[in-house]
Amino acid sequence: MKIQFSHFSRAIATLFVLFYLSAGVLGDTVKLKNGSVIKGKVVSYGQGEFTIILDLGSSTRRSTSRMIIASEDIESIEFDSAEPSQTASRTEQPRETVREASAPPPQVAAPVPETVAPPPTATVAPEERTGSPSSSPLPVVAEKEIRVAAAADWTSTEIRIVKGQRIVIEASGDVDLGGAQRSGPNGIPRTDSRKLMANRPTGALIAVIGDDNDNFVFVGKETDFTATNSGILFLSINEGDLRDNSGSFIARVKVLGMK
C-alpha cells in the first residue's frame with residue numbers, strides 16, 4: 001500500500017497510518033521530499049511525526065536505531081505486509097547550546113527492519129526525584145552513558161525526548177572548577193552569581209530538554225523526573241564561567257516510556 005501525502009489531509013493520513021500500524025508493517029519504503037529514500041519499519045505516528053526503526057548491524061550482530069520524520073517532509077510511504085507487531089515510543093529533535101536546530105533529518109540508506117518494544121506506560125511527577133521505578137516496570141526507550149566535560153557549555157546526549165517520558169540519570173566522578181576547587185555531581189557551596197540555577201550548588205550536574213528552554217533540571221548524583229516538553233536532552237555544569245574548568249562527569253541516562 002502506498003500513501004501520497006500530497007493527496008490526503010493530515011486527519012485522513014493519520015487514520016490511514018494508524019490502521020496499518022495496527023496490522024503491522026515490515027520493509028516499508030519512505031520517500032522524502034528532498035529525494036532521499038529510507039527503508040525500515042514504520043512503528044508509530046503521532047503529533048505529525050512518524051517513528052521508523054532502522055537496522056544498522058550485520059546478520060551476526062544487530063544494532064538498531066530510531067528515526068523521527070515529520071509528515072510534511074515525506075512525499076510518500078509504501079507499506080509491505082507482515083505479521084502484526086506492536087508500536088514503539090517516540091523521541092524528539094536535536095539542540096545546539098541555546099539555539100533551535102533546524103537541520104533536516106539524517107539520511108539513512110536501506111536498513112533492515114527489526115521488531116520493536118511494546119508501547120510505553122505510566123508517568124511520574126515532573127522534575128521531582130522519586131527513586132527507583134515502580135513495581136510495574138516501564139519499557140526502556142533509550143539508554144546511554146555520557147561524558148560531560150566541565151569546560152563545555154552544554155553536552156548533547158543525542159537522545160530525543162518526548163513530553164511525558166520518564167528520565168532517570170545517575171552521575172559519578174568529580175571535576176576541577178578552577179582555583180583549587182573540586183566538585184562532584186552534587187556541587188559545592190560556592191558563591192556564583194552567574195550560574196544557571198542560582199538556588200543550587202555550584203558545579204553540580206544539571207540538564208535541560210530542548211535548545212530554546214530555560215526550564216533547567218537539577219541532576220546532581222541522581223534524579224528521576226518526567227519531561228515537561230520535547231527535545232534533545234542536554235547536560236552541563238551549574239557554573240557561570242566554565243573556561244578554567246577541567247575533568248568530566250560520567251552520566252548514565254535511561255529514558256523510560258509513558259502512558
Side-chain angles (χ1 to χ4, degrees), residues 63 65 89 91-92 94-98 120 123-135 137-162 165-192 194-211 213-228 231-258:
S63 175
S65 177
S89 308
T91 48
E92 279 283 356
R95 165 201 189 248
E96 183 109 33
T97 309
V98 188
T123 60
V124 294
E127 298 192 9
E128 289 291 332
R129 187 175 305 179
T130 58
S132 59
S134 65
S135 57
L138 301 175
V140 176
V141 176
E143 190 170 8
K144 194 172 185 180
E145 186 172 279
I146 308 295
R147 183 175 295 275
V148 183
D153 189 8
W154 286 99
T155 298
S156 173
T157 65
E158 299 181 353
I159 300 175
R160 196 181 290 258
I161 304 298
V162 171
Q165 287 181 327
R166 182 173 170 182
I167 303 168
V168 179
I169 305 175
E170 296 180 352
S172 61
D174 62 352
V175 298
D176 190 334
L177 302 180
Q181 297 285 314
R182 297 194 68 82
S183 171
N186 282 335
I188 59 175
R190 181 183 183 184
T191 302
D192 184 350
R194 297 170 56 192
K195 59 187 176 183
L196 294 177
M197 300 189 76
N199 61 339
R200 293 293 189 171
T202 301
L205 184 65
I206 61 176
V208 72
I209 298 174
D211 55 359
N213 175 26
D214 292 336
N215 189 21
F216 306 115
V217 179
F218 177 79
V219 176
K221 194 171 182 180
E222 61 178 338
T223 191
D224 183 343
F225 66 99
T226 295
T228 57
I232 289 291
L233 175 65
F234 290 82
L235 300 173
S236 187
I237 306 299
N238 189 35
E239 189 184 21
D241 186 358
L242 306 174
R243 293 174 296 179
D244 59 348
N245 290 358
S246 61
S248 58
F249 293 138
I250 299 297
R252 288 164 291 279
V253 180
K254 183 182 292 186
V255 181
L256 306 179
M258 57 184 177

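Here the structure is a predicted model, which is why all the values come from computation and not from measurement.
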Roughly how far, to the nearest 0.5 Å, is OG1 of Thr157 from CG of Leu233? 4.0 Å

Please check this pair: side chain of Ser236 against backbone of Asp153, looking for a donor-acceptor N/O pair closer than 3.5 Å. yes

Show your working on side-chain hydrogen bond (donor to acceptor under 3.5 Å, both in side chains) between Asp174 and Ser183 and close with a plain yes or no. CA-CA 5 Å; Asp174 62 352; Ser183 171; over 6 Å; no

Any donor-acceptor pair under 3.5 Å from Gln181 side chain to Gly178 backbone: no

Return yes if some donor-acceptor pair links the side-chain N/O of Asp176 with the main-chain N/O of Asn245 below 3.5 Å, else return no. no

Within the 4.5 Å heavy-atom criterion, are Ile167 and Asp224 side-chain neighbours or not? no

Minimum heavy-atom separation for Gly220 and Ala171, please, with both atom names. O-CB, 3.6 Å

Is the Trp154 ring parallel, tilted or perpendicular to the Phe234 ring (thresholds 30°, 60°)? perpendicular

Flag the pair Val141 / Gln165 as yes when at least one side-chain heavy-atom distance between them is below 4.5 Å, and no otherwise. yes

CG on Asn238 to CZ on Phe218, rounded to 0.5 Å: 8.0 Å

Note, Val255 side chain near Glu143 side chain (heavy atom, < 4.5 Å): no

Can Ser248 and Arg147 be counted as having a side-chain donor-acceptor contact under 3.5 angstrom? yes

Closest non-hydrogen atom pair, Ala149 against Ile237: O-CG1, 4.3 Å

List the atom of Ala152, the atom of Leu242, and the distance in Å for their closest heavy-atom pair. O-CD1, 3.2 Å

Given side chains that start at C-beta, do those of Ile146 and Ile250 come closer than 4.5 Å, heavy atoms only? no

Between Lys144 and Ile159 the two heavy atoms that sit nearest each other are CB-CD1, 3.9 Å

Can you name the closest pair of heavy atoms from Val219 and Thr223 and give their distance? O-CB, 3.7 Å

Stepwise, does the side chain to side chain contact (heavy atoms under 4.5 Å, CB included) test hold for Thr228 with Asn215? CA-CA 9 Å; Thr228 57; Asn215 189 21; 3.2 Å; yes

Taking all non-hydrogen atoms of both residues, which atom of Asp192 and which atom of Glu239 are closest, and how far apart? OD2-CG, 3.3 Å

Measure the shortest side-chain to side-chain distance between Leu177 and Arg182 over non-hydrogen atoms and say whether it is less than 4.5 angstrom. no

Should Val217 and Ile169 count as side-chain neighbours, where that means a heavy-atom distance under 4.5 Å? no

Can I get a per-line list of side-chain donor-acceptor pairs under 3.5 Å for residues 194-210, giving both atom names and the distance, sequence neighbours left out?
{"from": "Lys195", "atom 1": "NZ", "to": "Arg200", "atom 2": "O", "distance (Å)": "2.8"}
{"from": "Lys195", "atom 1": "NZ", "to": "Thr202", "atom 2": "OG1", "distance (Å)": "3.0"}
{"from": "Thr202", "atom 1": "OG1", "to": "Arg190", "atom 2": "O", "distance (Å)": "2.5"}

